[in-house]
Chemist: 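Please read through the structure below; I'll follow up with questions.
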Amino acid sequence: MAPLGILVAVLLLLVAAVMGHLPVTLTLERAIPASHKVELSQLIARDRVRHGRLLQSAAGVVDFSVEGTYDPFVVGLYYTKVQLGSPPREFHVQIDTGSDVLWVSCSSCNGCPGTSGLQIQLNFFDPSSSSTASLVRCSDQRCSLGLNTADSGCSSESNQCSYTFQYGDGSGTSGYYVADFLHLDTILQGSLTTNSTAQIMFGCSTMQTGDLTKSDRAVDGIFGFGQQSMSVISQLSSQGLTPRVFSHCLKGDSNGGGILVLGEIVEPNIVYSPLVPSQPHYNLNLQSISVNGQTLSIDPSAFSTSSNKGTIVDTGTTLAYLTEAAYDPLINAITSSVSQSVRPVLTKGNQCFLITSSTAIFPQISFNFAGGASLILNAQEYLIQQNSVGGTAVWCIGIQKIQGQTILGDLVLKDKIFVYDLAGQRIGWSNYDCSMSVNVSTTSNTGRSEFVNAGQLSDNSSRRNVPQKLIPKCIIAFLLHICMLGSYLFL
């Protein structure tokens, strides 16, 4: 019993020191001996694993994989995967902040493509094959909520909640609503778990028209991340399952991909601008445009918000579109700043340039929003390389002219963190390398903010940067565990 008494005495002394904030000296040993050298690549790999360490809420953070790229000559869209039904079936769906509803092609669909040029397997949802699927009736309160925003309709003959959507590119879809389980990938305690489910209402497409029928960029459906009641983000938050905020970081290189999480990505350099209230989309108040720090002379009414005017953030749009009154001054300012170094040309109505040097000579553009937040665009964030002939590259301005709303699409959203804070009615952004990990804050039922990495699922993640106030409790729990183990061994 003597060794046990000594062990208990030492443990109690350590506990007293921790609780009483007495100085305690801990000897730290170098993981890498001073006499040894380590390759830089090893240090970078080790740092990435460290950056992947997590401290999370009990519920974890819902994470969606991201595939695709903004490049219109490669893919021209970003998409993710969702699993629906019982047993779960996987669907590839476009990430779209410009619409509200999640819908997928159904087994009885007319006009739905059967193959995809994206080299993905297209699937069709069959409600009769899911043991947990049920049709949504007109009397369902969720159907009634959708009637207010034109996200749903009702057939008196079938008593079935339905929908018909027309998109800006002229394509369309119609179908009916189904209630079933959405299977969520959740990051918890440094590991990816897939045992979380939530019942949601989503669309079952029975007809598609326009570009949706084409196979070259075909996916299984569209994942609307809008803020209306029918969106998945609204459904999950109303059930208390996720916070009313989501974030993305879309990679701009040729490989594409990125990060998409239900939660707030935490980054010190994020700037926020308030959402324009009572709008169906994510409308921001664009106040001015600057080129190389010089504010352009544009009538402020060009940026005003109304039923068919304003500035919206839309991941479902590949390029960017600027209202006519602001487009010409911007193109003129860009052209005049580089006219001495490059040769301007018009290609199919687009302003392009013949370049034999770097695009670094092109000016920086700043979209200035309410709240003092500016979206800074360097050349690679508004130019698209069309082709190259004999050492001369043809670069075109990817921002297009449009009548009506200004649309900020993937061209200008890529390589940036974007946070959609629906609870705070604001959108934030910051330049970021979207191949790196991120910290995500969620608010648990206890009101605590937790930080997670949702970008490096392949890393061996472990706990990281535990707040100092938690350390005493962790040490006490560890010491008591050792004490109990010691008592058992000496019995």
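In this text, all values refer to a predicted model and were calculated from it rather than measured experimentally.
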Chemist: Side-chain polar contacts of residues 277-284 - donor-acceptor pairs under 3.5 angstrom, sequence neighbours left out - could you list them?
Modeler:
from: H281; atom 1: ND1; to: G98; atom 2: O; distance (Å): 3.3
from: Y282; atom 1: OH; to: F225; atom 2: O; distance (Å): 2.6
from: Y282; atom 1: OH; to: Q227; atom 2: N; distance (Å): 3.4

Chemist: Step by step, work out the side-chain contact (heavy atoms from CB on, under 4.5 Å) result for V104 and V93.
Modeler: CA-CA 7 Å; V104 296; V93 286; 3.9 Å; yes
Chemist: Cut-off 3.5 Å, side chains only: do T323 and Q405 have a donor facing an acceptor?
Modeler: no
Chemist: Using the ring of Y70 (Phe, Tyr or Trp, six-membered ring only), decide whether K414 places NZ or CZ under 6.0 Å from its centre and within 45 degrees of its axis.
Modeler: yes
Chemist: V419 versus I427: any side-chain heavy-atom pair under 4.5 Å?
Modeler: no
Chemist: Are side-chain heavy atoms of Y78 and L260 found at a separation under 4.5 Å?
Modeler: no
Chemist: With a 6.0 Å cut-off on ring centres, are F202 and F125 close enough?
Modeler: yes
Chemist: May I ask you to check whether the SG atoms of C352 and C396 are separated by less than 2.5 Å?
Modeler: yes
Chemist: Output yes when D328 and K401 qualify as a salt bridge under the 4.0 Å nitrogen-oxygen rule, no when they do not.
Modeler: yes
Chemist: For the pair F124 and R89, evaluate side-chain contact (heavy atoms from CB on, under 4.5 Å) and give the outcome as yes or no after the intermediate values.
Modeler: CA-CA 9 Å; F124 295 86; R89 191 167 177 82; 5.9 Å; no
Chemist: Once rounded to the nearest 0.5 Å, what's the spacing between atom SG of C106 and atom CG of D220?
Modeler: 10.5 Å
Chemist: What's the separation between atom CG in L236 and atom CD1 in I200, rounded to the nearest 0.5 Å?
Modeler: 7.0 Å
Chemist: Please examine the side chains of L118 and V219, heavy atoms only from C-beta on, and report whether any two atoms are closer than 4.5 Å.
Modeler: yes
Chemist: side-chain contact (heavy atoms from CB on, under 4.5 Å) for R217 and S116? Distances and angles first, verdict last.
Modeler: CA-CA 6 Å; R217 301 189 309 157; S116 174; over 6 Å; no
Chemist: Going through the distances and angles, do D314 and T97 end up as a side-chain contact (heavy atoms from CB on, under 4.5 Å)?
Modeler: CA-CA 5 Å; D314 179 21; T97 59; 4.2 Å; yes
Chemist: Could you give the distance from CG (L411) to CD (E381), rounded to the nearest 0.5 Å?
Modeler: 8.5 Å
Chemist: For the aromatic rings, using the six-membered ring if either is Trp, is the centroid distance between F367 and W429 under 6.0 Å?
Modeler: no
Chemist: Apply side-chain hydrogen bond (donor to acceptor under 3.5 Å, both in side chains) to the pair S205 and T173, showing each step before the final yes or no.
Modeler: CA-CA 7 Å; S205 176; T173 178; 2.8 Å; yes
Chemist: Under a plain distance cut-off of 3.5 Å, with no hydrogens placed, do D433 and S435 share a side-chain donor-acceptor pair?
Modeler: yes
Chemist: In sequence, state the C-alpha distance, the side-chain angles, and the governing distance for S99 and D96, and then conclude on side-chain hydrogen bond (donor to acceptor under 3.5 Å, both in side chains).
Modeler: CA-CA 6 Å; S99 64; D96 184 18; 2.6 Å; yes
Chemist: How long is the span from the OG1 atom in T295 to the CG atom in N368, to the nearest 0.5 Å?
Modeler: 6.5 Å
Chemist: Describe, in one word, how the ring planes of F418 and Y420 are oriented to each other, choosing from parallel (under 30°), tilted (30 to 60°) and perpendicular (over 60°).
Modeler: tilted
Chemist: Does the side chain of T392 come within less than 4.5 Å of I355's, by heavy atoms?
Modeler: no
Chemist: May I ask you to test the L346-Q351 pair for a side-chain heavy-atom distance under 4.5 Å?
Modeler: yes
Chemist: Distance check, rounded to the nearest 0.5 Å: L383 atom CG versus F353 atom CZ?
Modeler: 7.0 Å
Chemist: Are Y327 and Y321 close enough that their ring centres sit under 6.0 Å apart?
Modeler: no
Chemist: If you count heavy atoms of other groups shown closer than 6.0 angstrom to CD of Q199, is the number above 12?
Modeler: yes
Chemist: Please report the interatomic distance CE(M201) to CD(Q235), rounded to the nearest 0.5 Å.
Modeler: 7.0 Å
Chemist: Is it true that R142 and D140 have a side-chain N and a carboxylate O under 4.0 angstrom from each other?
Modeler: yes
Chemist: Does the side chain of D410 pick up a donor-acceptor pair with the side chain of T318 at under 3.5 Å?
Modeler: no
Chemist: When you measure from the SG of C161 to the SG of C143, is the result less than 2.5 Å?
Modeler: yes
Chemist: Is Q239 atom CD crowded by more than 12 heavy atoms from other residues, nucleotides or ligands, each under 6.0 Å away?
Modeler: yes
Chemist: Is the closest side-chain donor-acceptor distance between S234 and S231 under 3.5 Å?
Modeler: yes
Chemist: With sequence neighbours left out, what residues match D415 under side-chain hydrogen bond (donor to acceptor under 3.5 Å, both in side chains)?
Modeler: none
Chemist: Can you give each donor-acceptor pair under 3.5 Å made by side-chain atoms of residues 261-271, sequence neighbours left out, with the distance rounded to 0.1 Å?
Modeler:
from: E264; atom 1: OE2; to: Y272; atom 2: OH; distance (Å): 3.1

Chemist: Do the side-chain N and O atoms of T242 and S237 include a donor-acceptor pair separated by under 3.5 angstrom?
Modeler: no
